[in-house]
Each structure stands twice: as structure tokens, then as C-alpha cells.
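Structure, as C-alpha cells:
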Amino acid sequence: MITLGVLVSGTGTNLQAIVDAIASHALDARIGVVVSNVPEAGALKRARDAGVKTVVVDHAQYSDRRAFDAAVVEALRAHGVDLVVLAGFMRLLTDVLLDAYPMRIVNVHPALLPAFPGLHAQKKAFDYGVRVSGCTVHLVDAGTDTGPIVAQTAVPVLEGDDEESLRLRILKEEHALLPRVLQWFAEGRVTVEPGPPGKRARVRIAGS
Ligand code: GRF
């Protein structure tokens, strides 16, 4: 069984979706540890309520990003983590974390990448006036939301939407997509293949 390490900074509804998927046997995994860089993150309470180990690595206590990442890696390794999930984790990763878990870090992003990477993706999509947005689960590389895409769900923008209603419609799909993708990892179905020269690496999902 795979052991997940979930990195959080905020309310943790995606963490909750993972916890619930495990409880309902839709996801055959265990959460080894939840690591938060924010001591008061709501996600920590969700983890404790679920009986999951938590570690706070407060970024403010570290001199630079690499030292912070080294502390995160230590926590992940100490809890036997073999797949890292960024679930609303609001820190950019350095080579220290990326090299410790190469192509084993998954992020959920609230837009259809490569459109609207970075912060406030839902607002950017809404302000742009797109008719369709969505969410993306991708592997993490050194860029901001640039890693190989594993799966996406499209979400319509409806008449009468505002930024918040769109955010909530996308979030609901994040909660469905992320555990589904994690189950593919649990089943060992996800592989990353180098692309043709000069082209992006591609994710292959066996049996899909
Ligand atoms: C989600 O929209 C996620 O895509 C983004 O941050 C939000 C986190 O929400 N990266 P939560 O903490 O999982 O509720």
C-alpha cells in the first residue's frame, strides 16, 4: 500500500477528500503524515480529527527555501512517505524536495493548465471571460504548475457566475479528481515517459 505525505497550508478540503476516499475504500492508501507550513491551518484539525499524524514546519523559522524543504523532506522520510501530495500548499518547491521525490509529487491546480498557472487561477479565468475552466492534477517539476499533466476535469462557467461560485464548482471537481488520480498511483498504473526530443514528458495511465 502506498503511503501519502500531504502538504497543506490552508483549509484542507482536498485533504478531507483524500481522508474520505480512504475511509470509503475508494482509495487504497494511507496518509503517513500531513505537513503544514502554517501553524494555524484548518487542514491540521482535519488531519487530527482523522487520526492522521501532523507536523508543522513553519517557513518563517527557516533562513531560506532550501532549508525549509530539507525539514519537510525529513518529516516525509520519517513517516515512510512514497508519494507527496500538494493539497493547497502555498510554497514554491526547491530542488531539495524535487530531488528527494522525483516525479513523485502531485499537485492539484484550480484551472485547466497550461491556462492560468500560479495564484488566483479561478479569478484569472473568470476575469478573462472563459466559458470553460476546470482543474488539473499534475506532477510537479521545477516550474510553477508546469509539470506533466496526469488528469483534468472541465468545469463550465455559467451565466450569473461570479468568481466565488466558479471557485466552488471547480473545488468540487478537485475533490473528485484528486483521490481518483491517487488511486491510479496506488494501483501502480501511472508512468512518466520522456517526450520526443524537445517535447514535454508525458504521463501514461495503464488500462485507461
Ligand atoms: C484548491 O483550490 C487547490 O487547487 C489550490 O488551493 C486550494 C486549496 O484548498 N491549490 P483546500 O485547502 O484543499 O481546501
Derivation of the side chain to side chain contact (heavy atoms under 4.5 Å, CB included) call for Thr13 and Arg46: CA-CA 9 Å; Thr13 63; Arg46 292 179 188 272; 3.5 Å; yes

Those residues at least two apart in sequence (or on a different chain) that pass ring pair (Phe, Tyr, Trp, His ring centres under 6.0 Å) with Phe89 are none

When rounded to the nearest 0.5 angstrom, what is the spacing between CG in Asp69 and NE2 in His59? 12.0 Å

Contacts of type side-chain contact (heavy atoms from CB on, under 4.5 Å), residue Asp64, not counting sequence neighbours: Arg66, Ala67

The reported gap from CE in Met103 to OG1 in Thr191 (rounded to nearest 0.5 angstrom) is 12.5 Å

Taking the side chain as every heavy atom from C-beta outward, state whether Lys53 and Val34 have any atom pair closer than 4.5 Å. no

Evaluate the side-chain proximity of Val132 to Val157: yes if any heavy-atom separation is below 4.5 Å, no if none is. no

side-chain contact (heavy atoms from CB on, under 4.5 Å) partners of Pro39, counting only residues at least two apart: Val56, Asp58

Would you please name every residue forming a side-chain hydrogen bond (donor to acceptor under 3.5 Å, both in side chains) with Thr144, sequence neighbours left out? none

Name each donor-acceptor pair under 3.5 Å that joins a side chain in residues 179-190 to protein atoms two or more places apart or in another chain, with its distance.
{"from": "Gln183", "atom 1": "OE1", "to": "Asp28", "atom 2": "N", "distance (Å)": "2.8"}
{"from": "Gln183", "atom 1": "NE2", "to": "Glu187", "atom 2": "OE2", "distance (Å)": "2.8"}
{"from": "Glu187", "atom 1": "OE1", "to": "Arg189", "atom 2": "NH1", "distance (Å)": "2.9"}
{"from": "Arg189", "atom 1": "NE", "to": "Ala206", "atom 2": "O", "distance (Å)": "2.7"}
{"from": "Arg189", "atom 1": "NH2", "to": "Ala206", "atom 2": "O", "distance (Å)": "3.1"}

In terms of heavy-atom contacts, Ala50 and Val19 come closest through CB-CG1, 3.7 Å

Output for pair (Leu86 CG, Leu7 CG), nearest 0.5 Å, gives 5.5 Å

If you look only at distance, which donor and acceptor atoms sit under 3.5 Å apart when one is on a side chain in residues 70-85 and the other is two or more places apart or in another chain?
{"from": "His79", "atom 1": "ND1", "to": "Ala75", "atom 2": "O", "distance (Å)": "2.8"}
{"from": "Asp82", "atom 1": "OD1", "to": "Thr3", "atom 2": "N", "distance (Å)": "3.0"}

For Lys123, enumerate each residue passing the side-chain hydrogen bond (donor to acceptor under 3.5 Å, both in side chains) test, keeping only those at least two apart in sequence or located in another chain. Asp127

Using the side-chain contact (heavy atoms from CB on, under 4.5 Å) criterion, which residues pair with Ala142? Sequence neighbours excluded. Leu98

Output the distance between atom NZ (Lys124) and atom CD (Glu163), rounded to the nearest 0.5 Å. 11.5 Å

State plainly whether the residues Glu193 and Arg202 are in salt-bridge range, i.e. N to O under 4.0 Å. no

Side-chain heavy atoms nearer than 4.5 Å, only ILVMFWY residues, links allowed to pass through others: does that put Leu4 and Val8 together? yes

Connected via hydrophobic side-chain network under 4.5 Å: Ile2 and Ile205: yes

Roughly how far apart are Ile170 CD1 and Ser133 OG, rounded to 0.5 Å? 4.0 Å

Same hydrophobic cluster for Phe126 and Val130, using side-chain heavy-atom links shorter than 4.5 Å among ILVMFWY? yes

Let me check something: do Val155 and Leu178 share a hydrophobic cluster, defined by ILVMFWY side-chain heavy atoms less than 4.5 Å apart, either directly or through other members? no

Does the side chain of Val52 reach to within under 4.5 Å of the side chain of Val33, using non-hydrogen atoms? no

Only pairs under 3.5 Å count here: list side-chain donor-acceptor contacts from residues 105-117, not counting sequence neighbours, and write none if there are none.
{"from": "Asn107", "atom 1": "ND2", "to": "His138", "atom 2": "NE2", "distance (Å)": "3.1"}
{"from": "Asn107", "atom 1": "ND2", "to": "Asp145", "atom 2": "OD1", "distance (Å)": "3.2"}
{"from": "His109", "atom 1": "ND1", "to": "Asp145", "atom 2": "OD2", "distance (Å)": "3.3"}
{"from": "His109", "atom 1": "NE2", "to": "Phe116", "atom 2": "O", "distance (Å)": "2.7"}

My understanding is that only residues two or more places apart in sequence, or in another chain, count here; which of them pass side-chain contact (heavy atoms from CB on, under 4.5 Å) with Met90? Ser9, Leu119

Gln16 and side-chain contact (heavy atoms from CB on, under 4.5 Å): which single residue from Asn14, Asp20, Ile18 fits? Asp20

side-chain hydrogen bond (donor to acceptor under 3.5 Å, both in side chains) pairs touching residues 147-162, sequence neighbours excluded, are Arg131-Glu159, Thr136-Gln152, Asp161-Ser165, Asp161-Arg169, Asp162-Ser165

Hey, could you give me the NZ/OG1 distance between Lys45 and Thr54, rounded to the nearest 0.5 Å? 12.5 Å

Same cluster (ILVMFWY, side-chain, under 4.5 Å), Val57 and Leu97: yes

For Arg30 and Met1, which heavy atoms make the closest approach, and how far apart are they? N-SD, 3.8 Å

Neighbour count >12 (heavy atoms, 6.0 Å) for atom CZ, Arg204: no

Sequence-distant partners of Arg167, side-chain hydrogen bond (donor to acceptor under 3.5 Å, both in side chains), two or more places apart: Glu164

